[in-house]
> 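I'd like to ask some things about the structure below.
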Amino acid sequence: QVRMVESGGGLVQAGGSLRLSCVASGSIADINDMGWYRQAPGKQRELVATITSGGSTNYADSVKGRFTISRDNTRNTVYLQMNNVRPEDTAVYYCNAKIIRLFPRKQDDYWGQGTQVTVSS
């Protein structure tokens, strides 16, 4: 079994900061790409940021320069530092990871349960 558990969501004022964390646990052999996605009410889930195992990052244009994704490979953890947040950042944020399990040894996509981020104006 593999679990992804997020933390750090909440209510923040526009212009403020928030840090999300997501820990992967279980029968893990290796973790490739990790990332954060979000889904606002009435909208499709969209990519926020991704990071490879080597540390290369990719961001949605809407968050470039404001959000920073990072990871700690020793702790199977991915972070999202959110600075200068805006009301339009309000959404449920989901972490994602491409994980190779110990057995059977194959890669699958895993998702966290989601954490609510609400930005007040």
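Numbers here simply count residues along the sequence, with the first being 1.
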> Would you mind listing every ring-ring contact (aromatic ring centres under 6.0 Å, His included) that reaches into residues 7-33, with sequence neighbours excluded?
none

> Quick one, Met4 with Ile99, criterion side chain to side chain contact (heavy atoms under 4.5 Å, CB included). Give me CA distance, side-chain angles, the key distance, then yes/no.
CA-CA 11 Å; Met4 304 275 292; Ile99 296 175; 3.9 Å; yes

> Not counting sequence neighbours, which residues clear salt bridge (charged side-chain N to carboxylate O under 4.0 Å, His left out) with Asp72? List them please.
Arg75

> Enumerate the residue pairs fulfilling salt bridge (Lys or Arg N to Asp or Glu O under 4.0 Å) with a member in residues 107-121, sequence neighbours excluded, ordered by first and then second residue.
Lys98-Asp109, Lys106-Asp108

> In the hydrophobic clustering that connects Ile, Leu, Val, Met, Phe, Trp and Tyr at side-chain heavy-atom distances below 4.5 Å, which members other than Val5 occupy its cluster, ordered by chain and number?
none

> With sequence neighbours left out, what residues match Tyr79 under ring pair (Phe, Tyr, Trp, His ring centres under 6.0 Å)?
none

> Going by disulfide (SG to SG under 2.5 Å), name the pairs with one or both residues in residues 27-61, residues two or more places apart or in two chains.
none

> Where is the tightest heavy-atom contact between Cys95 and Glu6, given as atom of each residue plus distance?
N-OE2, 2.6 Å

> ring-ring contact (aromatic ring centres under 6.0 Å, His included): which pairs involve residues 16-68, sequence neighbours left out?
Tyr37-Trp111

> Can you list the residues that meet the side chain to side chain donor-acceptor pair (under 3.5 Å) rule with Asn73, with sequence neighbours excluded?
Arg71

> Only pairs under 3.5 Å count here: list side-chain donor-acceptor contacts from residues 12-34, not counting sequence neighbours, and write none if there are none.
unit_1, atom_1, unit_2, atom_2, d
Ser17, OG, Asn83, OD1, 3.0
Asn32, ND2, Gln107, OE1, 2.5

> Are Tyr94 and Val85 connected in the hydrophobic side-chain network, where two residues link if heavy atoms are under 4.5 Å apart?
no

> Restricting to side chain to side chain donor-acceptor pair (under 3.5 Å), what partner residues turn up for Thr118, sequence neighbours left out?
Gln116

> With sequence neighbours left out, which residue pairs that include part of residues 41-55 fulfil the side chain to side chain donor-acceptor pair (under 3.5 Å) condition?
Arg38-Glu46

> Can you check whether Arg66 reaches Asp89 side chain to side chain, under 4.5 Å on heavy atoms?
yes

